[in-house]
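What follows is a set of notes on a single structure, which appears directly below.
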Amino acid sequence: MKRNAILKLVQWKNSPERKPMVLRGARQVGKTWLMKEFGQNYYDNYVYFNFDEEDELKSIFETKTHLIN
C-alpha cells in the first residue's frame, strides 16, 4: 500500500500539468508519514509545517469575521 501511494505522488510530481495537491483521509492512517517520506526521497529540499501544533502558524487560517460583510 505504501509503495502504491508513493508511486502516485511521483506520477503527480512528474506531471507537466500538475495542480496543487490536497491530501485528505481519515485520522491516523499515515498521511503525514507519506508526505515526509515523499519529500525526503524525491526532493532535494523540503519543509514540514504542522499547523495544529505551532501557534504562530494557526493564525494564518483564522478568519476575521468582522471584516467579512
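All of these numbers come straight from a predicted model, not from anything done at the bench.
- The number of heavy-atom neighbours closer than 6.0 Å to CD of Glu54, taken from other residues, nucleotides and ligands shown, is above 12.
- Listed by chain and number, the residues in a side-chain hydrogen bond (donor to acceptor under 3.5 Å, both in side chains) with Tyr46 are Gln40 (sequence neighbours excluded).
- Going from atom CG of Leu34 over to atom NZ of Lys8 covers 12.5 Å, rounded to the nearest 0.5 Å.
- Within the 4.5 Å cutoff, the side chain of Glu37 has heavy atoms near those of the Asn41 side chain.
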Going through the distances and angles, do Tyr42 and Val10 end up as a side chain to side chain contact (heavy atoms under 4.5 Å, CB included)? CA-CA 8 Å; Tyr42 293 93; Val10 171; 3.4 Å; yes
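- Partners of Tyr43 under the ring pair (Phe, Tyr, Trp, His ring centres under 6.0 Å) rule, at least two apart in sequence or in another chain, are Phe38.
- Trp12 contributes no side-chain N or O that, together with a main-chain N or O of Leu7, makes up a donor-acceptor pair within less than 3.5 Å.
- Rounding to the nearest 0.5 Å gives a distance of 11.5 Å between CG of Leu9 and CZ of Arg18.
- Trp33 is connected to Met21 through a chain of hydrophobic side-chain contacts under 4.5 Å among Ile, Leu, Val, Met, Phe, Trp and Tyr, so both are in one cluster.
- Using modelled atom types, one side-chain atom of Lys31 and one backbone atom of Ala26 make a donor-acceptor pair closer than 3.5 Å.
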